[in-house]
Q: 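Please read through the structure below; I'll follow up with questions.
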Amino acid sequence: MLELWKSQIESRLRELLKPFEPRILYDAMSYYVFQEGKRIRPLFLCAVSDALGGNVQDAITVGCAIEFIHNYSLVHDDLPALDNDDFRRGKPSCHVLFGEDMAILAGDALLNLAFETLSNRENFISLSEKDLIYIIRLVSESSGFQGMVGGQVMDVKKLGDPWSISLKKTASMFSAVFACGGIISKKHELVEYLSKAGTQVGLLFQLIDDYKDKDGFYLLYGDDITRLVEEKHAECINMLESMGILTPFISSLIRAVISPLETV
């Protein structure tokens, strides 16, 4: 089922981001988006929605909007003014291929496309305008100064430890993913708990990412980071089990998150 969902996510991304003029902007916008990464955020959204009886096709569309936001952040992160990375996923970075001007504008356009997608009721099957407003509020808070962008500022300016930075920069978007699963499933009473569970999954994701890159948490804890991963993994499993949503699909995605550690 995860492979089917991933295939549908890839197709939906291409439906939502079709060729347009000026072509150079479309090419820059689609460059990262269509590289077919893990899609871990939209897949978690599908899995949570499925576990709670929500419409998975609507989860895919919301997940695509979140994927646009994720990729806009990668385009901007790679810029010389921020991380100054010339390569991503083994390929030239967006600004290297298209220029810094187009990379900035492509990132801006992807962010706007996310909310254009979420605000169009015709893109959805089961979600009402009220549901979409709720989702837009959660996603905008999680991706803006209270969340991802705020965390990026803290990271760039060294304004905190890896925990406080990661809570905003990474975990806030995972929190939104899980919470949106509750909204899509009409389980509004679970949104707060889902948000907390998503935060912990996001922290687990960042711990593993820093272990792979020997950065962030790894610089603080060294090889002892593996103990933190084990503890955070157990915490995530316990939270998801207590909510009754630790389905085989969610379990598989959690395993995918920690798989880099298991292969070492």
Q: Assess the residue pair H95 and V75 against the criterion (side chain to side chain contact (heavy atoms under 4.5 Å, CB included)); give the C-alpha distance rounded to whole Å, side-chain angles, the decisive distance to 0.1 Å, and a yes or no.
A: CA-CA 8 Å; H95 69 272; V75 171; over 6 Å; no
Q: Just wondering, more than 12 heavy atoms not from K214 lying within 6.0 Å of its NZ?
A: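 More than 12 within 6.0 Å, yes.
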Q: Would E235 and K232 satisfy salt bridge (Lys or Arg N to Asp or Glu O under 4.0 Å), going step by step from the backbone distance to the final call?
A: CA-CA 5 Å; E235 183 178 358; K232 186 59 65 179; 3.1 Å; yes
Q: Which of these passes salt bridge (charged side-chain N to carboxylate O under 4.0 Å, His left out) with E67: K38, R39, R14?
A: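 Checked K38, R39, R14 against E67; only one passes salt bridge (charged side-chain N to carboxylate O under 4.0 Å, His left out): R39.
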Q: Looking at Y31 and P92, what are the two nearest heavy atoms and their distance?
A: OH-O, 2.7 Å
Q: Are L74 and L79 co-members of a hydrophobic cluster defined by side-chain heavy atoms under 4.5 Å apart?
A: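 L79 does not cluster with L74.
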Q: E10 and G37: which non-hydrogen atoms are nearest, and at how many Å?
A: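 Closest approach of E10 to G37: OE2-O, 4.4 Å.
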Q: Can you tell me how far the CD1 atom of I254 sits from the OG atom of S259, to the nearest 0.5 Å?
A: 11.5 Å
Q: Judged by atom type as modelled, is there a donor-acceptor pair below 3.5 Å linking the side chain of S49 to the main-chain atoms of C46?
A: no
Q: Evaluate the criterion side chain to side chain contact (heavy atoms under 4.5 Å, CB included) for residue pair Q152 and V149; output intermediate values, then yes/no.
A: CA-CA 5 Å; Q152 289 171 319; V149 173; 3.9 Å; yes
Q: Ignoring hydrogens and angles, tell me if any N or O in the side chain of K187 forms a donor-acceptor pair with the backbone of L52 under 3.5 Å.
A: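 The answer is yes, because a donor-acceptor pair under 3.5 Å joins these two groups.
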Q: Could you measure the distance from the CZ atom of F174 to the CD1 atom of I40? Nearest 0.5 Å is fine.
A: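 Here the rounded value is 6.5 Å.
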Q: Ignoring hydrogens and angles, state whether a donor on the side chain of E116 or N120 is under 3.5 Å from an acceptor on the partner side chain.
A: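 Per modelled atom types, E116 and N120 side chains form no pair under 3.5 Å.
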Q: Just by modelled atom types, is the Q8 backbone N or O under 3.5 Å from a matching donor or acceptor in the S11 side chain?
A: no
Q: Does V48 reach the side chain of V177, with side-chain heavy atoms less than 4.5 Å apart?
A: no
Q: For E3, is there an ion pair with K6 - N to carboxylate O distance below 4.0 angstrom?
A: no
Q: Could you label the plane-to-plane angle of the F178 and F44 rings as parallel, tilted or perpendicular, counting under 30° as parallel and over 60° as perpendicular?
A: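 Ring orientation of F178 relative to F44: tilted.
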Q: Any sub-3.5 Å donor-acceptor pair from R12's side-chain atoms to E15's backbone N or O?
A: no
Q: Would a 4.5 Å heavy-atom cut-off, applied to side chains only, mark F249 and L43 as touching?
A: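 A side-chain contact is absent here, since even the closest heavy-atom pair is not under 4.5 Å.
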Q: A cation-pi test, strictly: NZ or CZ of R41 under 6.0 Å from the centre of the six-membered ring of F205 and no more than 45 degrees from its axis. Yes or no?
A: yes
Q: Indicate the ring-plane relationship of Y72 and H76, choosing parallel, tilted or perpendicular according to the 30° and 60° boundaries.
A: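 It falls in the perpendicular class, over 60°.
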Q: Is there a side-chain contact between I245 and L194, using heavy atoms and a 4.5 Å cut-off?
A: yes
Q: What's the spacing between M29 CE and M102 CE if we round to 0.5 Å?
A: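 Between atom CE of M29 and atom CE of M102 there are 11.5 Å.
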Q: With a 3.5 Å distance limit and no angle check, can you tell me whether Y218 reaches the backbone of I225 through a side-chain donor-acceptor pair?
A: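 No, because the side chain of Y218 does not come within donor-acceptor range (under 3.5 Å) of the backbone of I225.
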Q: Is any side-chain heavy atom of Y211 less than 4.5 Å from a side-chain heavy atom of V229?
A: no
Q: What distance separates R227 CZ from E231 CD, expressed to the nearest 0.5 Å?
A: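 The distance works out to 4.5 Å.
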Q: Any side-chain heavy atom of M173 within less than 4.5 Å of one from H70?
A: no
Q: Start with the C-alpha distance between Y32 and L110, add both sets of side-chain angles, then the distance that settles side chain to side chain contact (heavy atoms under 4.5 Å, CB included), and finish with yes or no.
A: CA-CA 11 Å; Y32 283 1; L110 283 170; over 6 Å; no
Q: Can you confirm whether Y193 is buried at OH, in the sense that more than 12 heavy atoms of other residues, nucleotides or ligands lie under 6.0 Å from that atom?
A: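 At most 12 heavy atoms, drawn from other residues, nucleotides or ligands, come within 6.0 Å of this atom.
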Q: Is any side-chain heavy atom of L132 closer than 4.5 Å to a side-chain heavy atom of S119?
A: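 Not in contact.
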Q: How far apart are the C-alpha atoms of D131 and K186, what are their side-chain angles, what is the distance that settles it, and do they pass the salt bridge (Lys or Arg N to Asp or Glu O under 4.0 Å) test?
A: CA-CA 9 Å; D131 294 328; K186 317 296 184 182; 2.4 Å; yes
Q: Indicate the atoms forming the closest heavy-atom contact of R88 with S93, along with that distance.
A: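 Where R88 meets S93 most closely, the heavy atoms are N-OG, 4.0 Å.
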Q: Is a side-chain N or O of S140 found less than 3.5 angstrom from the main chain of I136, in a donor-acceptor match?
A: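 Indeed, once roles are kept as given, a pair shorter than 3.5 Å links the two residues.
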Q: According to a 4.5 Å side-chain heavy-atom criterion applied to Ile, Leu, Val, Met, Phe, Trp and Tyr, with indirect links allowed, do V96 and I24 form part of one hydrophobic cluster?
A: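 Shared cluster, no.
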Q: Could you see if I165 belongs to whatever hydrophobic cluster contains L220? Use Ile, Leu, Val, Met, Phe, Trp, Tyr and a side-chain cutoff under 4.5 Å.
A: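 No, because I165 and L220 fall into different hydrophobic clusters, even though each may have its own neighbours under 4.5 Å.
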Q: Can you see which heavy atom on L127 is nearest to which on D58, and at what distance?
A: N-OD2, 3.6 Å
Q: Are any of the side-chain heavy atoms of K169 and M154 separated by less than 4.5 Å?
A: no
Q: Are the side chain of H188 and the backbone of G182 linked by a donor-acceptor contact shorter than 3.5 Å?
A: no
Q: If you look at every heavy atom in T170 and G202, which pair is closest and at what distance?
A: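 Closest pair (atom of T170, atom of G202, distance): CG2-O, 3.7 Å.
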Q: Which heavy atom of I258 sits nearest a heavy atom of I208, and at what distance?
A: CA-CD1, 4.0 Å
Q: Indicate if L13 and L4 have the same hydrophobic cluster label, given that clusters are the connected sets of ILVMFWY residues with side-chain heavy-atom separations under 4.5 angstrom.
A: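 In one cluster with L13: L4, yes.
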Q: Run the numbers on L111 and I69 for side chain to side chain contact (heavy atoms under 4.5 Å, CB included), then give the verdict.
A: CA-CA 5 Å; L111 177 60; I69 293 172; 4.1 Å; yes
Q: Under a single-linkage definition using a 4.5 Å side-chain heavy-atom cutoff for Ile, Leu, Val, Met, Phe, Trp and Tyr, are Y134 and I125 assigned to the same hydrophobic cluster?
A: no
Q: Do you see a donor-acceptor pair shorter than 3.5 Å between the side chains of S166 and Q206?
A: no
Q: When you compare the side chain of L167 with that of L203, does any pair of heavy atoms fall below 4.5 Å?
A: yes
Q: Without swapping roles, check the side chain of S142 against the backbone of V139 for a donor-acceptor pair under 3.5 Å.
A: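 A pair under 3.5 Å: no.
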Q: Answer yes or no: does atom CZ of F145 have more than 12 heavy-atom neighbours from other residues, nucleotides or ligands under 6.0 Å?
A: no
Q: With rounding to the nearest 0.5 Å, note down the distance linking CG in D77 to SG in C94.
A: 12.5 Å
Q: Tell me whether T117 contacts the main-chain N or O of L113 through its side chain, where contact means a donor paired with an acceptor under 3.5 Å.
A: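 Yes, T117 side chain to L113 backbone: donor-acceptor pair under 3.5 Å.
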Q: Rounded to the nearest 0.5 Å, what separation is found between the CG atom of D83 and the CG atom of D155?
A: 7.0 Å
